[in-house]
**Student:** 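My questions will all concern the structure given below.
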Amino acid sequence: MSETAAVPTAPLRARAEIDLAALRANVRTLRARAQGAALMAVVKSDAYGHGAVPCARAAVEAGATWLGTATPEEALALRAAGLDTRVLCWLWVPGGPWREAVEADIDVSLSGMWALREVTEAARRAGRPARVQLKADTGLGRNGCQPADWPELVGEALRAEREGLVRITGLWSHFACADEPGHPSIAAQLDRFREMVAHAERQGVRPEVRHIANSPATLTLPETHFDLVRPGIAVYGVSPSPEIGTPADFGLRPVMTLSASLALVKHVPAGHGVSYGHHYVTPGATTLGLVPVGYADGIPRHASGTGPVLVDGKWRIVAGRVAMDQFVVDLGGDEPGAGAEAVLFGPGDRGEPTAEDWAQACGTIAYEIVTRIGTRVPRVHVNGNQEG
Ligand SMILES: Cc1ncc(COP(=O)(O)O)c(C=O)c1O
């Protein structure tokens, strides 16, 4: 096993181990599902909490030819780290770093006229064309250009292209319900996307890539693949939804394992209140284990009384409230000792819970569980530079 981060020899309070071999295998699996399409690995939000730069590098090694970020700052950070792969970023506000993005050869997404005006001005100042992708709102109702406004955006972007200020590299959109098999909005969005692409192409747009498929669409809707698929969560080995399958059903392997070292194990009598508010009271004499991570580390407070943790071969449940820096598990008389490993979630091979188990325990989605892990938890990237 090779390491890409310096790993202190002393046991860590907590760590998120990131298995880059699993990430590479996931990218290959996704590419095989979308043969004929290129793959953009979405690495926004620090690669869903997994560490943007090492994950982006691993994805590129496994054949991703595009990287996707939300913010321009995330895209520029990839360039600053030396990644020269095509990068698309899509979440802009007026006054954003358009010129820096143009100069760094980043593809930028435009959803409206204000953005086209700002990027053409930046291209003029930079003295080179901006690579732009026009985003269509085909029904998500979030970012993207409404069909009624599309002719103007397309027309003005083409005019800017003729003036040498932009190159229109892509036409794209995003699904609302691709993780709900058979949802009527899927076919409706696909029809709308085809119409909006056809309109732009009739006007003279020659995009390099047309794309709409996120992870669930990449995994289950081959008719949505077009020239490029854009998976995020599946790259990290997490299923977009338990409704459509487990990671194993798709040949994916979870990349993050979150663990901590017990800070204390102690005997307590029956009737002992545990953690703030005393929402857990020991039903009998028992042992308690102190897990030194809390909501400041991204452990949801909603896991109070429900979150599962593997300690000493058994699942234990968070006893009482999750506090800012720590929570307690009832060890039922077992005495694993301070320093014993507590695995919150991982691939599940050792019997540990998965991020999906935590999502269900907390009433959320696994995306949120992995993405919210805080900066105080070191990411330890393993299997960074070997084949496989
Ligand atoms: C525009 C866009 N494309 C692709 C993705 C990747 O989605 P998923 O993680 O479901 O694959 C996201 C994530 O939300 C996104 O915002």
**Student:** Would you indicate whether the side-chain heavy atoms of His278 and Arg321 approach each other to under 4.5 Å?
**Tutor:** no
**Student:** Before accepting this row, confirm whether a basic side-chain N of the pair Arg86/Glu208 lies closer than 4.0 Å to the acidic partner's carboxylate O.
**Tutor:** yes
**Student:** Evaluate the salt bridge (Lys or Arg N to Asp or Glu O under 4.0 Å) criterion for residues Arg128 and Asp105: first the C-alpha distance (whole Å), next the side-chain angles of each, then the deciding distance (0.1 Å), finally the verdict.
**Tutor:** CA-CA 10 Å; Arg128 57 197 286 187; Asp105 268 336; 3.0 Å; yes
**Student:** Would you sort out whether Asp137 and Arg142 count as a side-chain contact (heavy atoms from CB on, under 4.5 Å), showing the intermediate values?
**Tutor:** CA-CA 7 Å; Asp137 182 359; Arg142 209 172 62 177; over 6 Å; no
**Student:** Using modelled atom types only, decide if a donor and an acceptor are shared between the side chain of Asp19 and the backbone of Ala21 within a distance under 3.5 Å.
**Tutor:** yes
**Student:** Give the C-alpha distance, both sets of side-chain angles, the deciding distance and a yes or no for salt bridge (Lys or Arg N to Asp or Glu O under 4.0 Å) between Arg99 and Glu103.
**Tutor:** CA-CA 6 Å; Arg99 181 162 176 183; Glu103 287 174 345; 2.9 Å; yes
**Student:** Would you please name every residue forming a salt bridge (Lys or Arg N to Asp or Glu O under 4.0 Å) with Arg31, sequence neighbours left out?
**Tutor:** none
**Student:** Roughly how far apart are Thr282 OG1 and His267 NE2, rounded to 0.5 Å?
**Tutor:** 13.0 Å
**Student:** Less than 4.5 Å apart, any side-chain heavy atom of Cys55 and any of Leu20?
**Tutor:** yes
**Student:** Rounded to the nearest 0.5 Å, what separation is found between the OG1 atom of Thr287 and the CG atom of Leu264?
**Tutor:** 11.0 Å
**Student:** So do Val132 and Leu116 actually touch side chain to side chain, heavy atoms under 4.5 Å?
**Tutor:** no
**Student:** In chain order, what residues pass the side-chain hydrogen bond (donor to acceptor under 3.5 Å, both in side chains) check against Glu161, with sequence neighbours excluded?
**Tutor:** Arg167
**Student:** Any non-hydrogen side-chain atom of Glu352 less than 4.5 Å from a side-chain atom of Val311?
**Tutor:** no
**Student:** To the nearest 0.5 Å, what is the distance between CD1 on Ile212 and CD on Glu223?
**Tutor:** 10.5 Å
**Student:** Cut-off 3.5 Å, no hydrogens considered: what does the side-chain donor-acceptor table look like for residues 188-200, sequence neighbours left out?
**Tutor:**
{"residue": "Gln189", "atom": "OE1", "partner": "Ala176", "partner atom": "N", "Å": "2.9"}
{"residue": "Gln189", "atom": "NE2", "partner": "Thr138", "partner atom": "OG1", "Å": "2.8"}
{"residue": "Gln189", "atom": "NE2", "partner": "His174", "partner atom": "O", "Å": "2.9"}

**Student:** Would a 4.5 Å heavy-atom cut-off, applied to side chains only, mark Thr65 and Leu39 as touching?
**Tutor:** no
**Student:** Examine Ile18 and Leu344 and state if one hydrophobic cluster contains both, with Ile, Leu, Val, Met, Phe, Trp and Tyr joined whenever side-chain heavy atoms are less than 4.5 Å apart.
**Tutor:** yes
**Student:** For residues Val322 and Leu290: do they belong to one hydrophobic cluster (side chain heavy atoms under 4.5 Å, members Ile, Leu, Val, Met, Phe, Trp, Tyr)?
**Tutor:** no
**Student:** Tell me whether Thr218 contacts the main-chain N or O of Val229 through its side chain, where contact means a donor paired with an acceptor under 3.5 Å.
**Tutor:** no
**Student:** Would you call Lys135 and Leu110 a side-chain contact if the rule is heavy atoms closer than 4.5 Å?
**Tutor:** no
**Student:** Using a 3.5 Å distance criterion without hydrogens, assess whether the side chain of Arg379 forms a donor-acceptor pair with backbone atoms of Gly49.
**Tutor:** yes
**Student:** When you measure from the side chain of Glu74 to the backbone of Ala70, do you find a donor-acceptor pair of N or O atoms at a distance under 3.5 Å?
**Tutor:** yes
**Student:** Tell me, with the steps shown, if Ser109 and Trp172 meet side-chain hydrogen bond (donor to acceptor under 3.5 Å, both in side chains).
**Tutor:** CA-CA 9 Å; Ser109 174; Trp172 74 298; 3.1 Å; yes
**Student:** To the nearest 0.5 Å, tell me how far Cys89 SG sits from Leu78 CG.
**Tutor:** 10.0 Å
**Student:** Take atom CD in Gln203; do more than 12 heavy atoms of anything else shown fall under 6.0 Å from it?
**Tutor:** yes
**Student:** If only atom types and distance count, is the side chain of Thr224 paired as donor or acceptor with the main-chain N or O of Leu221 below 3.5 Å?
**Tutor:** yes
**Student:** Ignoring hydrogens and geometry, is there a side-chain-to-backbone donor-acceptor pair from Ser261 to Ala340 under 3.5 Å?
**Tutor:** no
**Student:** State plainly whether the residues Arg57 and Glu61 are in salt-bridge range, i.e. N to O under 4.0 Å.
**Tutor:** no
**Student:** Please check this pair: side chain of His272 against backbone of Pro269, looking for a donor-acceptor N/O pair closer than 3.5 Å.
**Tutor:** no
**Student:** Looking only at heavy atoms, what is the nearest atom pair of Gly95 and Glu118, with distance?
**Tutor:** N-OE1, 2.8 Å
**Student:** Verify side-chain contact (heavy atoms from CB on, under 4.5 Å) between Glu163 and Arg124, making sure each step is shown before the conclusion.
**Tutor:** CA-CA 10 Å; Glu163 286 175 32; Arg124 226 177 243 117; 3.8 Å; yes
**Student:** Could you tell me whether a side-chain N or O of Ser259 sits under 3.5 Å from a main-chain N or O of Ala342, the two making a donor and an acceptor?
**Tutor:** no
**Student:** What I'd like to find out is whether the side chain of Ile106 reaches to under 4.5 Å of the side chain of Arg131, using heavy atoms alone.
**Tutor:** no
**Student:** Cluster question for you: counting only ILVMFWY and a side-chain heavy-atom cut-off of under 4.5 Å, with indirect links fine, are Val60 and Leu30 together?
**Tutor:** yes
**Student:** Do Ile317 and Phe345 land in one hydrophobic cluster if side-chain heavy atoms of ILVMFWY residues count as linked below 4.5 Å?
**Tutor:** no
**Student:** In residues 233-244, what donor-acceptor pairs under 3.5 Å come from side-chain atoms, sequence neighbours left out?
**Tutor:**
{"residue": "Tyr236", "atom": "OH", "partner": "Val42", "partner atom": "O", "Å": "2.7"}
{"residue": "Ser239", "atom": "OG", "partner": "Ser241", "partner atom": "N", "Å": "3.3"}
{"residue": "Ser239", "atom": "OG", "partner": "Ser241", "partner atom": "O", "Å": "2.9"}
{"residue": "Ser239", "atom": "OG", "partner": "Gly245", "partner atom": "O", "Å": "2.6"}
{"residue": "Ser241", "atom": "OG", "partner": "Glu243", "partner atom": "N", "Å": "3.0"}

**Student:** Where does the angle between the aromatic ring planes of Trp98 and Trp92 fall among parallel (under 30°), tilted (30 to 60°) and perpendicular (over 60°)?
**Tutor:** parallel
**Student:** According to the salt bridge (Lys or Arg N to Asp or Glu O under 4.0 Å) rule, which pairs have a member within residues 287-313, sequence neighbours left out?
**Tutor:** Arg13-Asp297, Asp297-Arg376
**Student:** Are Phe327 and Leu288 connected in the hydrophobic side-chain network, where two residues link if heavy atoms are under 4.5 Å apart?
**Tutor:** no
**Student:** What distance do Arg24 atom CZ and Thr29 atom OG1 have between them, rounded to the nearest 0.5 Å?
**Tutor:** 12.5 Å
**Student:** Hydrophobic cluster mates of Leu310, side-chain heavy atoms under 4.5 angstrom, ILVMFWY only, any path?
**Tutor:** Trp315, Val343
**Student:** Starting from the C-alpha separation in whole Å, work towards a yes-or-no answer on side-chain hydrogen bond (donor to acceptor under 3.5 Å, both in side chains) for Gln133 and His211.
**Tutor:** CA-CA 10 Å; Gln133 302 212 359; His211 51 107; 2.8 Å; yes
**Student:** Are the side chain of Asp330 and the backbone N or O of Ala319 linked by a donor-acceptor pair below 3.5 Å?
**Tutor:** no
**Student:** As a quick check of understanding, evaluate side-chain contact (heavy atoms from CB on, under 4.5 Å) for Thr120 and Val166, giving each step before the final call.
**Tutor:** CA-CA 7 Å; Thr120 49; Val166 306; 3.9 Å; yes
**Student:** I'd like to know if Glu121 pairs up with Arg125 as an ion pair, taking the criterion as any Lys NZ or Arg NE/NH1/NH2 lying under 4.0 Å from an Asp or Glu carboxylate oxygen.
**Tutor:** yes
**Student:** So how far is it from Ser304 OG to Ile299 CD1, rounded to the nearest 0.5 Å?
**Tutor:** 11.0 Å
**Student:** Give the C-alpha distance, both sets of side-chain angles, the deciding distance and a yes or no for side-chain contact (heavy atoms from CB on, under 4.5 Å) between Val293 and Asp325.
**Tutor:** CA-CA 5 Å; Val293 285; Asp325 313 303; over 6 Å; no
**Student:** A side-chain contact here means heavy atoms from C-beta on lying under 4.5 Å apart; do Val318 and Val328 qualify?
**Tutor:** no
**Student:** Within the supplied structure, the quantity of interest is the number of heavy atoms (other residues, nucleotides, ligands) at a distance under 6.0 Å from Met113 CE; does it exceed 12?
**Tutor:** yes
**Student:** Is it true that the side chains of Asp249 and Thr246 contain a donor and an acceptor less than 3.5 Å apart?
**Tutor:** yes
**Student:** Would the distance check show the side chain of Arg372 and the main-chain N or O of Gly298 forming a donor-acceptor pair, the cut-off being under 3.5 Å?
**Tutor:** yes
